[in-house]
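Everything numeric here is computed off the predicted structure, so don't read it as measured data.
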Amino acid sequence: MAGETYLAAGVNLGAARQATEAIKTLAESTHGPNVIGGVGFFGGMYRLQGYRQPVLVSSTDSPGTKLMLATLTGRFESVGVDVVNHCVNDVFVSGATPLFFLDYLGVGRLVPERAEALVRGVAEACRAVGCALIGGETAELPGIYPEDGFDLAGFAVGVVEEDAILDGSTIAEGDVLLAVPSNGLHTNGYSLARRVFGVDDNPSVLDRTVPELGATLGEALMEPHRCYYPLLEPVLPLISGMAHITGGGLPENVPRILPAGLGARFDTSAWRVPPIFTLIQEEGGVEPDEMYRVFNMGVGMVLACSPERADEVLRLVPEAVWAGEVVADEGVTLD
């Protein structure tokens, strides 16, 4: 009688080797001269040079329950892009340049083709911003995840000169708030969206073509989280603060950059709310306050700057809109 094996316990070492080789090639496509050693060692190494007083800025996040829709739609590359862009945006709001990224993929059963698709999305997003994918972990964990279940998380590290940190401390009453458009839900609010559309009970609803979306419901919900670094990096010298609008929407994210005693007032008619949000609100009977508390509602980034600099920022970022102002009253008011 043959003894027990790791494969019989649910862990396929052959599949792991296959996936690792494919992932190594993808990761190496993002490397520049500052990456030392490549992928395969126990820790990724990155040479930091060219800075006077460098401050490292880090962030970690996940696409969350959007991963469930990736399984249902087969759009695995998309959530690979999501995890990078979310983390890069979070690092960037402090004025930091993204340097390197690591990913973590946990699965119930390792399917090399799916793992490769996920990391292909990660590598694609890293290349787009000049961020090196220097390592990661792929773990086959039967019993922790269901057979077709998986989780994906990412870790980004950036750098900024200490005297150039953008932390909102110079924001003042009367400063202008500019809204930079999002392209959809990004990576937040998917539990509510799935409930509204009944996805868990009837996944085929994702194939429904919605004329006002110009796409199927699944395509609209899987729109990748937008990366704002290439667009907004040129305006860093002109602004005094920047907020990434993620979970909690405008009410919870904008106060994170405001000095004590200051708040924000927005004119919600200033920007276009993408139709996917209107569809969620109408089909779910969701109250407006709840929509703005859960979703970004069409605003991916908020920039704060002095009124004198607003026109120059808008010239450099023509898709941004003048959406509000900083006021002497804590909290966020949505008019």
Side-chain angles (χ1 to χ4, degrees), residues 2-27 39-44 58-87 90 100-126 133-157 185-195 198-203 206 218 221-222 224-225 246-247:
E4 292 288 0
T5 66
Y6 214 9
L7 181 61
V11 180
N12 188 333
L13 293 177
R17 283 191 295 273
Q18 181 183 341
T20 298
E21 286 305 310
I23 288 170
K24 181 180 179 181
T25 300
L26 290 168
V39 175
F41 192 60
F42 293 92
S58 60
S59 175
T60 181
D61 220 303
S62 163
T65 61
K66 190 174 184 180
L67 297 175
M68 299 173 68
L69 298 187
T71 298
L72 294 173
T73 61
R75 292 171 172 259
F76 296 109
E77 285 188 35
S78 175
V79 287
V81 172
D82 285 331
V83 72
V84 173
N85 289 352
H86 190 142
C87 291
D90 278 352
F100 58 84
F101 191 86
L102 298 97
D103 63 350
Y104 169 81
L105 173 61
V107 301
R109 177 177 61 91
L110 184 56
V111 180
E113 295 78 13
R114 185 172 68 178
E116 183 180 354
L118 288 163
V119 180
R120 188 182 303 116
V122 170
E124 174 189 324
C126 284
L133 176 59
I134 64 170
E137 169 68 2
T138 301
E140 192 170 22
L141 303 173
I144 297 294
Y145 300 105
E147 183 171 317
D148 287 331
F150 73 100
D151 195 13
L152 177 68
F155 313 85
V157 174
L185 274 63
H186 283 178
T187 50
N188 299 105
Y190 280 86
S191 294
L192 178 54
R194 288 186 0 258
R195 180 177 177 85
V199 173
D200 295 351
D201 296 327
N202 180 22
L206 296 171
L221 289 173
M222 290 304 294
H225 194 135
T246 55

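The main-chain N or O of L110 is found under 3.5 Å from a side-chain atom of E140 such that the two form a donor-acceptor pair.
In this structure, OG on S62 lies 9.5 Å from NE2 on H86, to the nearest 0.5 angstrom.
For the residue pair V83 and D61, the shortest heavy atom distance occurs at CG2-O, 3.6 Å. Contact detail for I134 and F100: the closest heavy-atom pair is CD1-CD1, 3.4 Å. D103 and F101 make their closest contact through CB-CE2, 4.1 Å (heavy atoms, listed as atom of the first residue, atom of the second, distance). Residues G136 and L102 share a closest heavy-atom pair of N-CD2, 4.3 Å. The nearest pair of heavy atoms linking A139 to Y104 is CB-OH, 3.9 Å. Shortest non-hydrogen contact noted between L221 and A193 is CD2-CB, 4.4 Å.
Remark: T65 engages M68, Y190, S191, R194 in a side-chain contact (heavy atoms from CB on, under 4.5 Å) (not counting sequence neighbours). With sequence neighbours excluded, no residue forms a side-chain contact (heavy atoms from CB on, under 4.5 Å) with D201. For E124, there are no side-chain hydrogen bond (donor to acceptor under 3.5 Å, both in side chains) partners two or more places apart in sequence or in a different chain. For R114, the salt bridge (Lys or Arg N to Asp or Glu O under 4.0 Å) test picks out no residue, with sequence neighbours left out. Under the rule for a side-chain contact (heavy atoms from CB on, under 4.5 Å), the partners of S78 that lie at least two apart in sequence or sit in another chain are R75, D82, M222, P224.
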Contacts under 3.5 angstrom, residues 144-157 side chains, donor-acceptor by atom type, not counting sequence neighbours:
residue	atom	partner	partner atom	Å
E147	OE2	R109	NE	3.1
D148	OD1	R109	NH2	3.2

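The side-chain heavy atoms of V119 and T138, taken from C-beta on, include no pair separated by under 4.5 Å.
Among N85, N188, T246, T187, the single residue meeting the side chain to side chain donor-acceptor pair (under 3.5 Å) criterion with H225 is T187.
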